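This structure is a prediction, so every number in the text was calculated from the model and none was measured.
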Amino acid sequence: MTFGRSGAASVVLNVGGARYSLSRELLKDFPLRRVSRLHGCRSERDVLEVCDDYDRERNEYFFDRHSEAFGFILLYVRGHGKLRFAPRMCELSFYNEMIYWGLEGAHLEYCCQRRLDDRMSDTYTFYSADEPGALGRDEARPGGAEAAPSRRWLERMRRTFEEPTSSLAAQILATVSVVFVIVSMVVLCASTLPDWRAAAADNRSLDDRSRIIEAICIGWFTAECIVRFIVSKNKCEFVKRPLNIIDLLAITPYYISVLMTVFTGENSQLQRAGVTLRVLRMMRIFWVIKLARHFIGLQTLGLTLKRCYREMVMLLVFICVAMAIFSALSQLLEHGLDLETSNKDFASIPAACWWVIISMTTVGYGDMYPITMPGRILGGVCVVSGIVLLALPITFIYHSFVQCYHELKFRSARYSRSLSAEFLN
């Protein structure tokens with residue numbers, strides 16, 4: 001150690017008021033990286049980069065950190081036990097102390113590692129890149145003051161269309177959008193009713209009015225999508241977002257069907273293209289997914305499925321393995337052993353797979369069922385196995401759903417506060 005009071009055989013570490021004396025030889029190879037860095041300090045400036053203050057007369061280094069947490073960490077590095085969280089201390093605060101002194105989460109005991117992971121998951125909050133303070137940071141940049149009004153206008157427009165709770169205008173816009181979605185869904189569903197089609201065939205004006213309503217709804221959705229694309233910060237990222245892709249899938253079929261009608265006309269060619277038009281028309285059911293932009297529940301469902309895709313794949317693997325085993329056994333017991341009294345419903349393994357899947361999910365349509373005693377016993381085992389296998393990954397999915405819901409609620413509350421401020425002003 002090249003800096004410090006000459007002739008001193010030891011140094012004193014003052015951590016939050018608790019004083020610890022260490023020899024210079026021990027300081028060199030001390031397990032905590034921040035403490036061992038003191039040995040290589042050559043000037044007072046180097047020392048103050050490691051600690052908060054230094055008293056040269058007493059050769060004492062001050063650290064404004066949690067003294068109890070450092071006591072636990074010091075006991076661990078000296079080999080007196082295992083590293084666990086300090087009582088009555090937040091797990092994240094203790095983990096922050098560990099990072100400060102040079103330890104990692106892997107040094108914790110396994111039980112404490114799980115507590116830390118759960119705590120970090122519970123307190124994780126989705127902060128988008130578009131934080132409320134981003135505009136202020138832009139104004140602080142060179143030339144930002146001149147462009148601040150235009151940026152502020154674009155930011156306000158973007159939040160109005162993207163965040164339904166960000167302002168009063170955004171709530172009104174979201175309400176109008178929801179009304180258009182509901183109206184379009186009602187018209188689409190009503191057009192499939194036999195009475196509606198019969199009335200439309202007799203009364204041409206009814207069909208024309210439904211097409212006008214449909215065109216107005218599509219016009220609103222198209223204008224909304226175009227405006228959101230114009231005011232978006234990153235155009236490439238805008239195109240990649242799932243909700244925007246759904247919007248495109250919901251709007252495009254209408255224009256394709258209009259173009260096909262224009263080019264084919266009301267003749268036999270249109271009749272041959274009728275299947276394609278009906279498929280395109282039914283694709284407009286994607287409009288209902290647009291409600292996810294305005295309701296936290298649907299957003300939570302989508303975010304949960306995105307984060308739990310591993311658990312979902314695991315669930316599918318469980319079902320597929322069980323389906324392969326039980327379908328082969330049921331086909332053998334119901335059809336393969338006694339060909340004279342065989343059950344024709346279980347003539348093949350693919351046919352038995354249908355019975356297995358409706359039994360494991362406890363649906364039981366009753367369209368096919370085992371008739372032999374071994375087959376019925378196998379059916380009971382299949383039902384119980386299905387309940388157990390389906391219940392195993394549900395716990396992970398449930399906790400992820402709760403976490404995603406709290407994250408989205410927190411984000412919505414942030415924008416609701418800005419809405420309350422705008423209302424008061």
For atom CZ of F401, is the number of surrounding heavy atoms from other residues, nucleotides or ligands below 6.0 Å larger than 12? yes
Please report the C-alpha distance between V50 and C41 in whole Å, then the side-chain angles of each, then the deciding distance to 0.1 Å, and finally whether the side chain to side chain contact (heavy atoms under 4.5 Å, CB included) criterion is met. CA-CA 9 Å; V50 178; C41 294; 4.1 Å; yes
When the ring planes of W101 and F63 are compared, do they come out parallel, tilted or perpendicular, using 30° and 60° as the limits? tilted
Any chance you could measure E334, atom CD, to W355, atom CH2, to the nearest 0.5 Å? 7.5 Å
Check: L108 main-chain N/O paired with Q113 side-chain donor or acceptor under 3.5 Å: yes
Mark yes or no: R228 above the aromatic ring of F238, with NZ or CZ under 6.0 Å from the six-membered ring centre and no more than 45 degrees from the axis. no
Contact between P393 and M312 at the side-chain level, heavy atoms closer than 4.5 Å - yes or no? no
Any chance you could measure E104, atom CD, to Y95, atom OH, to the nearest 0.5 Å? 7.5 Å
How long is the gap from CE on M314 to OH on Y309, to the nearest 0.5 Å? 12.5 Å
Side-chain contact, heavy-atom cut-off 4.5 Å: H335 with N343? no
Taking 4.0 angstrom as the limit, do R37 and E49 come out as a salt bridge? no
Do other residues, nucleotides or ligands put more than 12 heavy atoms under 6.0 Å from Y398 OH? no
Side-chain contact, heavy-atom cut-off 4.5 Å: C51 with F62? no
Would you say that more than 12 heavy atoms from the other residues, nucleotides or ligands in this model lie under 6.0 Å from the NZ of K240, or not? no
On a heavy-atom basis, which atom in R307 and which in S400 lie closest, and how many Å separate them? CB-OG, 4.0 Å
Quick one: CG on L116 to CD on E109, what's the gap to the nearest 0.5 Å? 13.5 Å
If you compare all heavy atoms of F72 against all heavy atoms of L83, which two are closest, and at what distance to 0.1 Å? O-CD1, 4.1 Å
Tell me if the CE atom of M89 is crowded by more than 12 foreign heavy atoms within 6.0 Å. yes
Return the CG to CG distance between N14 and D53, rounded to the nearest 0.5 Å. 10.0 Å
For the residue pair L390 and L315, establish whether any side-chain heavy-atom pair is separated by less than 4.5 Å. yes
Kindly indicate whether a cation-pi arrangement holds for R65 with Y100, taking the cut-offs as under 6.0 Å to the six-membered ring centre and within 45° of the axis. yes
Heavy-atom closest pair, residues L333 and P374: CD1-O, 3.7 Å
Atom of C217, atom of V183 and distance for their closest heavy-atom approach: SG-CG1, 4.2 Å
For the rings on Y254 and F221, is their centre-to-centre separation under 6.0 Å? no
Where do C382 and S359 come nearest, in terms of heavy atoms and distance? SG-CB, 4.0 Å
